[in-house]
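Structure record follows, encoded as structure tokens.
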Amino acid sequence: MITIQVGEADFDIGAETLAVAGQGGGAIASFVGQVRDDGNLASLELEHYPAMTKKALRKIAEAALSEWPLHAVTIIHRVGKLAVGENIVLVVTGSDHREAAIESCSFIMDRLKTVAPFWKKETRTDGAVKWIEERASDVEASEKWQK
Amino acid sequence: MITIQVGEADFDIGAETLAVAGQGGGAIASFVGQVRDDGNLASLELEHYPAMTKKALRKIAEAALSEWPLHAVTIIHRVGKLAVGENIVLVVTGSDHREAAIESCSFIMDRLKTVAPFWKKETRTDGAVKWIEERASDVEASEKWQK
Amino acid sequence: MERSLNIIYFAWVRERLGLDQERVALGDGIETISDVLTMLADRGAGYAEIFSDIGKLRFALDQDYGVPGTAIESAQELAIFPPVTGG
Amino acid sequence: MERSLNIIYFAWVRERLGLDQERVALGDGIETISDVLTMLADRGAGYAEIFSDIGKLRFALDQDYGVPGTAIESAQELAIFPPVTGG
């Protein structure tokens, strides 16, 4: 079962994890990304491409399901203005096997970072505003799965 | 910060994840292992070596902290009699980087499976009782981190 | 009937253009994403600056990723944006 | 003063012995975990069956893993158990 959510609302990590667990298997991996306080970050604004976002996330989930024996995949990504410490993204995967759950969770995050149409704009505590640039390490992490 | 818990009590996945997130970083990985319903399993009984268990888990957490840049590691493992679908183990790791969080979570689970003094006895729906045997795949998974 | 295409911009592309979307007519010879970019760059300084350095841009045609050489064919929507940075 | 050691058993080792721990005196020449196992195996059929196939057993001396060759020295507790299966 694939669950995709994109919106301004926050998510409940425990509830989403248990929902995936409820689909069977006994191995559930999750990843949560939050707005990281790096000292002078005030807030983050997440823009996305509404007509494409869910479709792109679903494709990533389907790719994971075709590669690993999974019972369920949940991807939730927030958009809009987010303060330091707020949740941004949640990925949960459920399988009979821990390797499959953990690897597919890692795969989904790596692909999401380079394929899902989201853009982050950061506002610093001094008021400076900047669009975050693509990181080479994210591109490499995403490409390694295509080997 | 290292948090180790061993006991009969269940754990709250969401609360434990947020506690790790609260220690800083923005990348939180978790793994939950549950009693898997494989068709005719009635229950599982977890025995452990009380004087050694927490020490062994703490060593694994410390090894993870020395290998990856982590803000927090939580390992919770239940003992006693557990029904199908119940939580057994929770590992949560927090870092600035998703690779560090996910890899260290995977490392901790692999090491825990082969080093932490727990033993599982399963009771089948027909009443048959059997101690679970070590799996070669778990030994291999644990050894790969020593390369 | 004249072919037309809805172009939609995101992130700094949208901000620098001051425009989130526009409908453009596709003249003869405009067959690929690259052709559309050249057409946009020809509009003047602001556009030229953004659309001539295509290494910094990514594209989606009807919500599927494309490359400069991808043919427009009967697509209705071309999205132009910087590399994505979600997650 | 006679040396002694507390031996503690887990999982099927404990069940098959019907015993979760016992205190044993260490005679002269009992220096390693392997020596203790030989001494236990010599006790008779039930013990021999369990303690002679040491490939199926794991050991901890004062709560740290040891191997058959590990010296007992001044350790107080030897745990003998099957390979672990938690997680």
Side-chain angles (χ1 to χ4, degrees), chain B residues 4 6 31-36 44-60 75-80 82 87-91 105-122 129-143, chain D residues 3-24 26 32-33 36-37 40 46-87:
Chain B
I4 309 286
V6 178
F31 179 82
V32 180
Q34 298 186 329
V35 182
R36 179 160 64 94
L44 215 54
E45 193 161 347
L46 262 295
E47 180 171 331
H48 76 128
Y49 180 3
M52 181 175 174
T53 316
K54 280 192 164 192
K55 184 175 164 180
L57 294 177
R58 182 166 293 273
K59 263 194 198 173
I60 298 171
I75 307 177
I76 302 178
H77 203 297
R78 296 178 72 193
V79 294
L82 299 174
N87 292 324
I88 302 172
V89 62
L90 173 68
V91 172
C105 184
S106 178
F107 164 83
I108 290 167
M109 277 305 304
D110 286 347
R111 299 295 289 162
L112 186 157
K113 284 256 175 191
T114 55
V115 166
F118 294 100
W119 300 274
K120 282 193 192 115
K121 185 162 76 169
E122 55 185 27
V129 171
K130 190 167 78 82
W131 287 98
I132 293 182
E133 288 185 23
E134 178 183 53
R135 295 191 315 164
S137 61
D138 285 336
V139 175
E140 282 163 27
S142 182
E143 283 172 352
Chain D
R3 295 153 65 221
S4 74
L5 183 67
N6 196 44
I7 308 188
I8 178 167
Y9 304 112
F10 292 101
W12 60 255
V13 179
R14 173 181 56 72
E15 284 189 342
R16 282 170 59 183
L17 286 173
L19 193 67
D20 60 5
Q21 55 183 305
E22 58 181 318
R23 179 159 283 276
V24 299
L26 297 183
T32 64
I33 292 177
V36 175
L37 296 172
L40 292 171
Y47 274 85
E49 203 190 331
I50 294 169
F51 295 104
S52 53
D53 189 358
I54 65 173
K56 288 187 177 167
L57 299 173
R58 299 292 180 271
F59 317 98
L61 209 52
D62 283 352
Q63 300 90 47
D64 273 318
Y65 280 100
V67 293
T70 304
I72 304 293
E73 293 179 346
S74 61
Q76 297 300 302
E77 182 170 282
L78 170 65
I80 303 179
F81 45 76
V84 302
T85 56

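Order of the sequence lines sets the chain letters (A, B, ...), proteins ahead of strands, with each chain counted from 1.
Only the backbone of B:A116 comes within contact range of chain D, with heavy atoms under 4.5 Å apart. Using a 4.5 Å cut-off between heavy atoms, B:V91 makes no contact with chain D at all. Neither the backbone nor the side chain of B:E45 comes within contact range of chain D; no heavy atoms are under 4.5 Å apart. Interface remark: B:K120 contributes backbone and side-chain atoms alike to the contact with chain D (heavy atom separation under 4.5 Å). Contacts of B:K121 with chain D are made by side-chain atoms alone, with heavy-atom separations under 4.5 Å and no backbone atom involved.
Here the side chains of D:Q63 and B:Y49 are in contact, with some heavy-atom distance below 4.5 Å. With contacts defined as side-chain heavy-atom distances shorter than 4.5 Å, the pair B:E134/B:V139 qualifies. For the pair D:V84/D:F10, no side-chain contact is recorded, criterion being any heavy-atom separation below 4.5 Å from C-beta on.
For B:K130, the NZ atom counts as densely surrounded, since its 6.0 Å shell holds more than 12 non-hydrogen atoms of other residues, nucleotides or ligands. In B:E133, the CD atom is not crowded: 12 or fewer heavy atoms of neighbouring residues, nucleotides or ligands sit closer than 6.0 Å.
Counting heavy-atom pairs closer than 4.5 Å to chain D, the top residue among B:I132, B:I75, B:D138 is B:I132. Between chain D and the options B:M52, B:M109, B:H48, the largest number of non-hydrogen pairs under 4.5 Å is found for B:M52. The choice from D:T85, D:D62, D:I8 that makes the most heavy-atom pairs within less than 4.5 Å of chain B is D:T85.
No donor-acceptor pair under 3.5 Å is formed between the side chain of D:T70 and the backbone N or O of D:I33.
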